[in-house]
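Residue numbers begin at 1 in each chain, while the letters A, B, ... track the order of the sequences. Computed from a predicted structure; not experimentally measured.
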Amino acid sequence: MEITRFVFSLLFLVMMTVGSSGSPNHWRRKRVREPCKKLVFYFHDIIYNGHNSKNATSAIVGTPAWGNRTILAGQNHFGDVVVFDDPITLDNNLHSAPVGRAQGFYIYDKKEIFTAWLGFSFVFNSTQHKGSINFAGADPLMNKTRDISVIGGTGDFFMTRGVATLSTDAFEGEVYFRLRADINLFECW
Amino acid sequence: MEITRFVFSLLFLVMMTVGSSGSPNHWRRKRVREPCKKLVFYFHDIIYNGHNSKNATSAIVGTPAWGNRTILAGQNHFGDVVVFDDPITLDNNLHSAPVGRAQGFYIYDKKEIFTAWLGFSFVFNSTQHKGSINFAGADPLMNKTRDISVIGGTGDFFMTRGVATLSTDAFEGEVYFRLRADINLFECW
Amino acid sequence: MEITRFVFSLLFLVMMTVGSSGSPNHWRRKRVREPCKKLVFYFHDIIYNGHNSKNATSAIVGTPAWGNRTILAGQNHFGDVVVFDDPITLDNNLHSAPVGRAQGFYIYDKKEIFTAWLGFSFVFNSTQHKGSINFAGADPLMNKTRDISVIGGTGDFFMTRGVATLSTDAFEGEVYFRLRADINLFECW
């Protein structure tokens with residue numbers, strides 16, 4: 001009967017494991033929030049201001065009625081839509097060799113303070129990374145750090161999900177800013 | 001041999017449980033669709049029309065060639081891009097204390113009837129909720145209810161996914177509308 | 001002891017299966033990447049150019065300072081924002097009966113070559129499909145194929161995720177293009 005008792009203990013263990021790996025009726029995950037992949041990048045945005053067409057990596061393409069497209073609008077730029085194709089670097093130097101491009105848009109969306117809404121991708125095509133990471137979310141950019149969602153990915157980042165913590169690493173007037181993105185992926189396929 | 005038969009029955013049970021909790025080669029979930037979290041909010045949109053700059057919570061920032069930015073365009077506003085920062089309330093009263101902000105954009109995207117495409121976040125920073133819920137999807141706004149996707153979240157809503165059912169709770173002309181959002185989250189971490 | 005050995009083998013098998021179906025502390029899935037649903041559609045985009053208002057399914061609604069809204073801008077259309085409501089067909093014929101609508105926007109986002117960023121939905125309301133599939137991602141449209149993310153869905157596509165491979169099936173000047181979308185869903189509820 002020793003064996004039988006042992007077998008039952010094992011069975012119990014197995015069933016506990018099964019139980020904790022996914023509740024059967026909905027997907028409440030009580031996992032340790034430990035990323036399956038961590039990445040840090042910087043990206044650099046130079047807004048077109050009428051005089052820097054050679055260097056500009058972004059441009060205002062929509063404004064409210066009171067705005068124009070060569071200078072960010074009053075009221076904390078509320079309503080300005082900016083399209084960008086920014087170089088991604090591994091360190092905080094604009095002139096480092098880019099490892100990819102940050103492409104998409106942001107919209108300033110509050111009159112009282114600076115906040116933005118972002119929809120964009122990191123696009124990689126290097127020996128190190130191939131594929132894209134897609135992001136969306138609110139960016140209350142006056143906060144030291146703010147979290148946006150990683151909503152999907154392709155290639156090396158197939159089906160990924162996670163959270164990216166953005167911080168403003170530097171800015172110069174209203175023409176240049178540099179963001180640091182600490183990407184923590186919690187779903188890796 | 002009684003014990004052996006019993007052990008086999010148990011094993012069978014365990015294997016069935018494993019089988020239903022996640023097929024090993026792809027992620028076909030046959031779960032009961034029961035939300036892990038349910039939330040109801042209202043948000044209030046007052047579009048800038050050239051005369052209400054103090055109260056307006058949104059503004060037209062893009063239009064087709066035939067439109068302008070102080071009045072929604074003809075052809076069911078096709079092509080109008082609106083940026084918003086709307087108060088979120090717990091009841092349907094515009095003047096209730098806001099519990100957060102709905103921030104992002106919508107685009108009217110059909111000539112024949114009113115439909116829109118939405119990309120926005122609910123941003124909370126109160127004692128009750130901290131963090132954001134991110135949404136995207138089509139809003140065929142003439143339907144009594146319509147579903148959009150919850151594509152991610154941060155803070156209290158870390159990594160969440162789900163569906164939000166929108167309904168137009170009220171509107172006044174083309175300046176004010178109030179949406180009710182019934183948020184059902186099916187992935188909670 | 002034969003039976004005991006057999007039971008242990010079975011237990012071992014079960015535990016391996018459990019182990020591979022989900023690591024308990026984070027969500028690193030080592031699954032075979034086999035879709036739970038595969039779909040192929042075509043969609044057709046006719047950009048408004050000032051002369052085709054009857055047939056146009058899309059319109060330029062934002063441009064950089066150097067652009068206008070009846071012709072795509074120079075510099076590879078960088079900064080042009082286009083809103084669309086395109087018919088979806090099962091084959092590559094523009095005149096086939098549409099099975100749904102592709103609704104949303106794209107933004108040309110690079111000065112040196114053609115690339116775009118997409119946010120849109122496939123909206124179905126037919127006997128075959130009811131519901132929507134939501135997409136987001138970078139579209140380096142000079143590549144023969146490119147992957148974007150399926151970030152969510154509603155109705156028949158409730159909570160789905162996956163990858164859509166886009167390819168340009170045809171284009172005529174800068175007014176008409178047809179995309180083929182090979183949709184592979186890897187999460188089906």
So, taking the atom named [atom1] in [X] and the one named [atom2] in [Y], what distance separates them when rounded to the nearest 0.5 Å?
X	Y	atom1	atom2	result
C/Arg161	A/Arg161	CZ	CZ	5.5 Å
A/Phe157	C/Asp147	CZ	CG	13.5 Å
C/Asn143	A/Asn125	CG	CG	8.0 Å
C/Arg146	A/Ser132	CZ	OG	13.0 Å

Contact summary for A/Ser121 and C/Ala138, nearest pair of heavy atoms: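 Heavy atoms only, the tightest pair is OG-N, 3.4 Å.
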Where does [X] contact chain A at under 4.5 Å (heavy atoms): side chain, backbone, both or neither?
X	value
C/Ile148	backbone
C/Phe78	side chain
C/Phe135	neither
C/Glu112	side chain

Please examine the side chains of A/Met159 and C/Arg33, heavy atoms only from C-beta on, and report whether any two atoms are closer than 4.5 Å.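 No, too far: nothing below the 4.5 Å cut-off.
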Atom CG of C/Leu39 with >12 non-hydrogen neighbours under 6.0 angstrom: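 Counting other residues, nucleotides and ligands, CG of C/Leu39 exceeds 12 neighbours.
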Tell me whether A/Lys130 at atom NZ has more than 12 heavy atoms from other residues, nucleotides or ligands lying less than 6.0 Å away.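 Enclosed: over 12 neighbouring heavy atoms sit under 6.0 Å from NZ of A/Lys130.
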Let me know if [X] has heavy atoms under 4.5 Å from chain C in its side chain, its backbone, both or neither.
X	answer
A/Thr160	backbone
A/Ala56	both
A/Asn134	side chain
A/Ile60	backbone
A/Phe158	side chain

Heavy atoms only, distances under 4.5 angstrom: which of A/Val81, A/Ile151, A/Leu185 has the most pairs with chain C? Name it, please.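 Max contact count across the listed options: A/Ile151.
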When heavy-atom pairs shorter than 4.5 Å are enumerated against chain C, which of A/Gly153, A/Gly131, A/Gly119 gives the highest number? A/Gly119
Check each of A/Val83, A/Val123, A/Val61 against C/Asp109 using the side chain to side chain contact (heavy atoms under 4.5 Å, CB included) test, and report the only one that passes.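 The side chain to side chain contact (heavy atoms under 4.5 Å, CB included) with C/Asp109 is passed solely by A/Val83 among A/Val83, A/Val123, A/Val61.
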I'd like to know if the side chain of C/Lys111 and the backbone of A/Ser53 have a donor-acceptor N/O pair within less than 3.5 Å.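 Yes, because the side chain of C/Lys111 sits within donor-acceptor range (under 3.5 Å) of the backbone of A/Ser53.
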Can you find a side-chain donor-acceptor pair between C/Thr63 and A/Arg69 that sits under 3.5 Å?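 Result is yes, a qualifying pair exists.
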